[in-house]
Every structure is written in C-alpha cells, then in structure tokens.
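Working notes, beginning with the structure itself.
In what follows, chains carry the letters A, B, and so on, assigned in the order in which the sequence lines appear, proteins first and then strands, with residues in each chain numbered from 1.
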Amino acid sequence: MKKVRVRFAPSPTGGLHLGGIRTVLYNYLFARQHNGDFVLRIEDTDQSRYVPGAEEYIFDCLKWCGLEPDESPLHEGGYGPYRQSERKELYKKYAEQLVKDGFAYYAFDTPEELEVMRHNFKTGTNPSPQYDHNIRMKMRNSLTLTDDEVRKLVNENTKHVIRIKMLEGETVILKDMIRGEIHFDTGIVDDKVLLKADGMPTYHLAVVVDDYLMKITHAFRGEEWLPSAPVHLLLWKYLGWEKDMPEWAHLPLILGPNGKLSKRDALKYGFPVFAMNWIDPKTGELIEGFREKGFLPEAFINFLALLGWNDGTEQEIFTKEELKQKFLMERVHSGGAKFDYEKAKWFNHEWIKKSEVRSLRFEVSSILKNKGINVTDENHLDKIIALVKDRCTLLTDFYDQSYFFFNAPEQYDLNAVKPKWTGGKKRFFESFIEEIKAIDIWESAFIEDGFKKLAMMQDIKAGELQLPFRVMLVGGKFGPPVFDIAAVLGKQETIQRIQKALTAFD
RNA sequence: GGCCCGUUCGUCUAAGGGCUAGGACACCACCCUUUCACGGUGGUGAUACGAGUUCGAAUCUCGUACGGGCUACCA
C-alpha cells in the first residue's frame with residue numbers, strides 16, 4: 001500500500017487566515033492519523049504579489065499551532081526544492097510536452113489583445129467571455145498560425161503563454177471524499193494558462209506536477225478550487241499520470257458575516273482572522289492575530305477543527321491527540337460555516353479553565369510584564385493563576401483579573417463604601433488588624449473565621465463588612481472571594497492595605 | 001449571464017425512511033455567591049418553499065427560491 005503523503009501549499013502573498021489554517025489542520029490530522037508525511041510547498045510564482053517575510057510568517061504560525069510539516073523549504077525531504085520558483089524549469093518541461101502531445105498550445109495574445117477580446121465578445125447574456133473553444137480560433141496562437149509563423153515568433157523570443165486545450169463535449173468526473181461524484185462538462189471550462197509569459201507556471205500546472213513528483217496521495221484544498229478541478233483532472237490524464245492521481249477533498253469555506261471570511265471582516269467587526277499579527281504590506285495596517293488576542297493554540301486548533309467537522313457525538317472539547325484519533329474526512333460538511341467569534345472565545349475559556357497552572361505561567365507572566373509588572377516569585381504567581389483562571393476568557397484577561405495582587409490600590413471606589421461607612425465599622429477594622437496578627441495559619445478559611453467571629457463579637461453583620469474589606473484590598477467591587485485575596489496577598493500586605501484604606505475612607 | 005457547491009434554532013451542529021427534531025455558543029429567568037465571574041437548573045428558538053415516492057420524509061427525487069464560490073499570464 002502506498003504511504004500517505006499530504007501537502008499544504010500557502011502563497012506568501014498575505015497572512016495565513018482561518019480557512020488556510022484549517023486546511024493545514026485537516027491535512028496534518030490526516031497525515032498523522034495514517035503515519036504519513038505532511039509536506040509544505042510554497043507557491044511563490046506570482047512575483048508581483050510576493051511579500052518579503054511572509055514565508056517566515058507562515059512558518060511561525062504553523063509552529064505556534066503545533067502543525068509543523070515534515071518536509072518544507074526548512075526541513076528538506078527527498079522531493080525538493082519546495083519553492084515553486086526554484087522548480088521553474090521542471091514545469092516548463094512538462095508544459096512543452098503537453099504542447100508536443102497536442103493537449104496544449106502556444107498563445108501570443110498580449111494582455112491588451114485579451115482585453116479587447118473580452119470587450120468585443122461581451123454580451124448581455126455573457127458578461128465575462130472566456131478564452132475557450134468558442135473563441136480560441138479567433139486569437140493568435142499555435143492553433144491559428146502556421147507552423148512557420150509559430151517557429152518564427154518563438155525564435156524571436158516573442159512573449160507567449162502555454163494554454164491547455166479544453167475539449168468540447170466531454171464529461172470529467174471528480175470523486176471527492178466529502179462530496180461524492182461531481183460531473184463537469186469540459187466545454188464550459190476555459191483554456192487556462194499553464195505557463196505564464198515569464199516562464200513561471202500557474203497554480204494549475206504547478207499543483208499537478210508537484211503532486212505527482214512529490215508523490216502526494218491526498219489533495220485537500222478549499223472549495224474555491226472546485227470549478228477548476230476539471231483542468232487538474234485532465235492534466236493528470238494528459239501527462240499520463242492518471243493512476244497516480246491523489247484522492248481529492250474540497251473543504252467547505254469559512255464564511256464571515258457576509259461571504260467568504262476576509263481581512264476586511266477583521267477590521268470591520270473587530271475579531272481576528274489570522275493566527276498571528278499580520279501587517280498588511282500595502283496599507284501598513286496591523287491586523288491582530290488570535291495569538292496576540294490571547295488565544296491558546298490548543299483552543300484555536302480545537303474550534304477550527306469543529307468549524308465544519310464533528311465526530312457525531314456531543315463532545316466539543318478535543319485535544320490535538322483526540323482530534324488525530326477521531327478526525328474523519330468523510331464527516332467534514334459540504335456546506336460553508338460562518339465563523340462565530342463568541343463561540344471561539346468560549347473554546348478559549350474552556351481551555352484556560354482546563355489548563356494546568358504551570359502551563360499558563362509563561363504566557364501570564366509575559367502578559368503582566370508587558371503591562372509593567374515583573375513577576376519574581378513563581379510560587380506567588382501560581383497561586384494567583386489558580387485563583388483567577390476560571391474568570392479569564394482570553395489570556396490578556398489575566399492582567400485585569402490579577403494586577404491588584406501586585407499593586408496596592410491608589411484609588412478606592414468610595415461610592416461603594418461611604419454611604420454605609422460608620423465609626424463602628426472603622427473600629428472593627430482597627431481591631432481586625434490586631435486579630436490578623438494573631439492568626440497563625442494564614443489561609444483563607446482561617447482568615448474568614450477570624451473575621452466572622454470578630455464581627456459577631458462587635459455585633460456587626462459580617463456580610464456588611466466584606467464589601468469594605470474588598471475595596472480596601474483591591475480598590476473596587478471586583479475580584480475573587482475576598483478572603484482568598486487576603487490569603488494570597490499575605491499577612492503584612494493585608495495589614496498595610498487596611499491601614500492605608502482606613503485613612504482614605506475618612 | 002454561465003458553471004459548480006450548498007440550505008436544520010440568530011450561530012456551530014446531531015438525527016443516514018420511524019419516539020415530543022437532540023446538544024453547544026449567544027440571549028433570558030431562577031439558584032449559588034453580600035463583588036464580579038465560575039458553576040447549577042430551566043426557558044425562548046429551526047428542518048427555505050412547492051410537488052412527488054412512501055403506511056411513514058429533515059432524511060430519497062424533481063422544481064423554485066435564497067446563499068456562496070468560480071468565471072485572471074492570483075492563488
């Protein structure tokens with residue numbers, strides 16, 4: 001049996017968005033499930049749109065998600081090079097072969113001539129005429145020119161492309177793992193350019209040649225490729241490689257509020273669409289990524305996997321290991337799924353709650369550090385994380401939920417305290433300071449016990465004292481249970497904060 | 001316009017001819033908690049429409065409507 005090999009082929013022209021990463025994810029899961037290879041190939045043949053640094057960015061994203069490929073420009077396997085620009089000659093060879101075998105032809109039409117053609121043939125019922133069997137005999141190509149003319153043009157280095165010659169009246173059948181059989185009439189597909197005038201291949205040629213040469217067994221890509229699938233199928237056939245053709249699966253699209261999810265949606269609706277921060281090279285705009293927004297990679301992978309797939313049970317929280325075991329391409333939906341940021345946040349919340357304290361240490365301390373809080377005592381930090389993690393939806397929430405452990409309040413929510421503040425309550429806290437000094441075991445339950453006993457002795461409801469106590473410790477009506485806060489703060493700090501607040505309350 | 005794909009609560013989805021169409025997010029109410037959350041209990045809410053096949057249709061077939069994608073020397 002053939003070893004499973006899947007590939008992902010990003011183009012370094014933009015950020016890696018949700019749909020792209022989900023495609024990587026499904027590729028990755030499938031490969032790992034079958035002990036196969038996961039190959040990353042870079043589609044950089046469109047030099048005009050190439051963004052320097054985008055390749056590194058893609059690798060960083062994959063690393064953060066834990067979806068690193070076995071073979072790529074960075075981890076060479078036996079089928080390199082892995083950048084299409086470095087395989088230029090290869091594609092040319094096969095394109096020429098197709099011409100020789102009569103499956104493709106040279107076309108000398110200039111962009112301007114194509115423009116004229118589209119304009120002239122445009123009608124009410126056909127707003128976008130294609131370069132197809134209907135009009136190719138009206139254009140300048142090796143089918144309409146004589147052999148001598150063609151030879152002359154080629155020898156003079158006239159700019160030309162190679163186009164596939166799509167037949168008329170044939171039916172191509174695509175077998176898709178998700179969608180079943182799809183029938184296409186070859187006559188309705190245009191004569192796609194295979195090799196561009198600059199000698200670079202288009203996606204159509206490259207994907208077929210690379211998949212063959214790299215021995216790819218399964219090709220998973222987005223649904224937007226479905227309409228050009230017949231071209232690829234025919235190419236496999238024309239090149240004589242039909243028996244090696246991979247199995248196909250066209251993944252449903254991830255939709256935004258209106259249509260295919262785009263970076264516009266990110267800007268407009270304020271949710272991330274990229275794994276990591278991405279700076280638009282054209283506008284210089286920063287588009288925030290899931291990582292920077294405060295997502296755990298485990299949560300990110302989890303909700304992405306569930307956007308278009310489920311295992312048939314009611315389980316929603318999956319580890320990568322579980323996904324690897326349970327993922328089934330046949331259970332991927334055929335309909336597109338709208339991205340719901342609220343649900344994505346819920347997944348993150350679940351993952352933060354589920355995470356061990358020690359696995360959050362690094363992220364939390366760097367978030368605090370960014371806000372100017374340097375954590376020195378790891379033990380102290382662990383206690384804080386344990387206390388507040390259930391209240392954090394995003395990692396960045398850790399700052400709002402815990403800054404008061406590191407800095408005594410400068411201001412107090414006096415409106416919450418003043419109206420009910422009495423001399424009796426003031427005396428209570430003065431004596432509570434003494435009570436605290438006598439507490440041997442500084443733990444939440446003992447502090448609470450001492451607090452309540454003292455309140456009872458002074459004939460004040462303990463409940464009425466808790467809010468002032470809270471405001472004394474953190475400055476306002478927020479935070480975890482107040483005695484837990486005191487316990488984490490420590491005896492000395494608690495006393496100091498009460499004293500400081502007592503003067504502020506007068 | 002043509003071609004292709006799709007359509008179950010607002011959103012993600014389960015149910016592959018047979019209980020009252022199930023779960024999750026969001027929303028609402030109550031409980032817990034003298035902060036805010038977490039948590040718990042409950043609630044509102046869906047098979048796009050029309051035919052056909054069948055004892056029986058969300059499920060199969062056809063049509064319509066709607067949504068999406070493609071229609072580049074971009075991927």
Side-chain angles (χ1 to χ4, degrees), chain A residues 9-14 20 43-46 48-49 84 107 109-111 114 118 122-132 159-163 174 176 178-179 182-185 187-190 192-204 206-207 221-230 250 252-253 255 257-260 303 306-317 333-347 349-350 353 388-393 397 401 413 416 461-467 469-471 474 476-482:
Chain A
S11 68
T13 58
E43 290 177 349
D44 62 345
T45 51
D46 184 2
S48 65
R49 298 202 313 161
Q84 289 186 348
D109 318 279
T110 63
L114 290 175
R118 290 195 185 101
K122 183 150 67 175
T123 63
T125 55
N126 185 10
S128 44
Q130 308 186 108
Y131 202 119
D132 61 14
K159 289 258 180 208
H160 65 277
V161 301
I162 293 179
R163 284 181 183 270
L174 168 71
D176 188 282
I178 298 170
R179 289 155 210 277
I182 304 170
H183 296 239
F184 297 93
D185 181 353
I188 54 97
V189 185
D190 60 331
K192 296 268 183 232
V193 170
L194 264 20
L195 202 71
K196 300 187 265 187
D198 62 2
M200 290 286 201
T202 59
Y203 172 86
H204 309 293
V207 75
R221 37 134 73 151
E223 188 186 345
E224 68 269 27
W225 289 109
L226 221 34
S228 52
H250 289 86
L253 261 18
L255 276 8
N258 14 297
K260 203 169 151 186
F303 82 71
L306 272 283
L307 213 48
W309 169 86
N310 71 82
D311 74 341
T313 73
E314 279 169 7
Q315 183 176 354
E316 294 201 271
I317 303 298
H333 308 145
S334 39
K338 203 175 281 185
F339 170 61
D340 180 1
Y341 186 46
E342 291 306 317
K343 182 111 189 202
K345 285 196 290 192
W346 175 79
F347 274 103
H349 191 187
E350 293 301 309
K353 285 193 286 178
V388 305
K389 74 188 181 85
D390 285 5
R391 325 162 76 83
C392 296
T393 299
D397 293 340
Q401 295 295 341
D413 182 356
K461 278 184 189 157
E464 285 187 26
L465 292 161
Q466 281 191 37
L467 186 64
F469 189 30
R470 167 178 298 281
V471 176
V474 305
K477 294 193 286 183
F478 49 79
V482 68

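Comparing the C1' positions of B:rG17 and B:rU64 gives an interatomic distance of 24 Å, to the nearest angstrom. Separating the C1' atom of B:rC74 from that of B:rU13 is a span of 34 Å, rounded to the nearest Å. The separation of B:rA37 from B:rC28, taken at their P atoms, amounts to 11 Å, rounded to a whole angstrom. B:rA26 and B:rU11 are spaced 8 Å apart, taking the C1' atom of each and rounding to whole Å. Comparing the same atom, C1', in B:rC66 and in B:rC49 gives a spacing of 10 Å after rounding to whole Å.
At whole-Å resolution of the value, CG in A:Asp109 and P in B:rC73 are 10 Å apart. Across the protein-nucleic acid pair, A:Glu464 atom CD and B:rU35 atom P stand 13 Å apart, rounded to whole Å. Rounding to whole angstrom units, CG of residue A:Asn126 and P of B:rC3 are separated by 11 Å. Protein atom CD1 of A:Ile182 is 12 Å distant from nucleotide atom C1' of B:rC3, rounded to whole Å. As a whole-Å value, the separation of A:Asp44 CG from B:rC74 P is 13 Å. Rounded to whole angstrom, the span from the CD atom of A:Gln401 across to the P atom of B:rC38 amounts to 11 Å.
Looking at heavy-atom distances under 4.0 Å, A:His250 makes no contact with the nucleic acid at all. A:Lys353 comes within 4.0 angstrom of sugar-phosphate atoms only, judged by non-hydrogen atoms across all strands, and of no base. Residue contacts shown for A:Pro480 include a base, since a base heavy atom lies under 4.0 Å away.
In this structure A:Asp46 satisfies the salt bridge (charged side-chain N to carboxylate O under 4.0 Å, His left out) test together with A:Arg49, sequence neighbours excluded. Here A:Glu342 pairs with A:Lys345 under the salt bridge (charged side-chain N to carboxylate O under 4.0 Å, His left out) rule; sequence neighbours left out. Residues meeting the ring-ring contact (aromatic ring centres under 6.0 Å, His included) test with A:Trp346, sequence neighbours left out: none.
The partner of B:rC66 is B:rG6, by the rule that a Watson-Crick or G-U pair needs both atom distances under 3.5 Å. Base pairing of B:rU33 is not made with any nucleotide, judged by Watson-Crick or G-U wobble geometry with both donor-acceptor distances under 3.5 Å. With a cut-off of 3.5 Å on both pairing distances, the Watson-Crick or G-U wobble partner of B:rU11 is B:rA24. Pairing of B:rG45, defined by two Watson-Crick or G-U wobble distances under 3.5 Å, is not identified with any nucleotide. Base pairing of B:rC74: no nucleotide in any strand meets the Watson-Crick or G-U wobble criterion (both distances under 3.5 Å). The pairing partner recorded for B:rA58 is none, the criterion being a Watson-Crick or G-U wobble arrangement whose two distances lie under 3.5 angstrom.
In this pair, A:Tyr203 and A:Trp225 present their aromatic rings parallel. The plane angle is below 30°, not in the 30 to 60° band.
Against the 90° criterion about 0, the sugar-base torsion of B:rC62 places it in the anti range.
In the set B:rC38, B:rU34, B:rG6, B:rG6 carries the atom at the smallest distance from any side-chain atom of A:Arg179. When the nucleotides B:rU35, B:rU34, B:rC73 are ranked by their closest atom to the side chain of A:Lys196, B:rC73 comes out on top. Distance from the side chain of A:Lys477 is smallest for B:rU35 among the nucleotides B:rC74, B:rU34, B:rU35. Comparing atom distances between the A:Pro481 side chain and each of B:rC74, B:rC38, B:rU35 picks out B:rU35 as nearest.
In this structure, A:Lys389 does not reach the B:rA37 phosphate: none of its side-chain N or O atoms is under 4.0 Å from OP1 or OP2.
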Item to check | Stepwise side-chain contact (heavy atoms from CB on, under 4.5 Å) check, A:Leu174 with A:Leu226 | outcome: CA-CA 9 Å; A:Leu174 168 71; A:Leu226 221 34; 3.7 Å; yes

Next on the checklist: Pair A:Asn310, A:His333 - check side-chain contact (heavy atoms from CB on, under 4.5 Å), show working.
Outcome noted: CA-CA 9 Å; A:Asn310 71 82; A:His333 308 145; 3.4 Å; yes

Next on the checklist: Before you tell me yes or no, could you show the steps for A:Phe303 and A:Phe339 under side-chain contact (heavy atoms from CB on, under 4.5 Å), namely the whole-Å CA-CA distance, both residues' side-chain angles and the distance that decides it to 0.1 Å?
Outcome noted: CA-CA 10 Å; A:Phe303 82 71; A:Phe339 170 61; 3.6 Å; yes

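Nearest-nucleotide assignment on RNA chain B puts the 5′-proximal partner with A:Ser334, out of A:Ser334 and A:Ala197. If you find the closest nucleotide of RNA chain B to A:Pro201 and to A:Gly124, the one lying nearer the 5' end belongs to A:Gly124.
In this structure, the side chains of A:Arg221 and A:His250 come closer than 4.5 Å at one or more pairs of heavy atoms. Counting heavy atoms from C-beta on, the side chains of A:Arg179 and A:Glu223 come closer than 4.5 Å. Using a 4.5 Å heavy-atom cutoff, the side chains of A:Lys159 and A:Thr110 are not in contact.
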Next on the checklist: One character per nucleotide, please: for nucleotides 13-28 of chain B, 5' to 3', B when the base has a protein heavy atom closer than 4.0 Å, S when only the sugar-phosphate does, - otherwise.
Outcome noted: SSS------SSBB---

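Atom CD1 of A:Ile178 is separated from atom CH2 of A:Trp309 by 13.0 Å, given to the nearest 0.5 angstrom. Distance check: A:Lys260 NZ to A:Glu224 CD gives 4.5 Å after rounding to the nearest 0.5 Å.
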Between the protein and nucleotides 43-49 of chain B, which nitrogen or oxygen pairs come in under 3.5 angstrom?
none

Produce the list of close N/O pairs, under 3.5 Å, pairing protein atoms with atoms of nucleotides 66-72 of chain B; give distances to one decimal.
unit_1, atom_1, unit_2, atom_2, d
B:rG69, OP1, A:Lys260, N, 3.4
B:rC70, OP1, A:Lys260, NZ, 3.3
B:rU71, O2', A:Gln130, OE1, 2.7

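Of all the heavy atoms in A:Lys192 and A:Ser228, the pair that sits closest is CE-CB, 4.3 Å.
By the neighbour-count criterion of 12 heavy atoms within 6.0 Å, atom NZ of A:Lys353 is densely surrounded, having more than that number from other residues, nucleotides or ligands.
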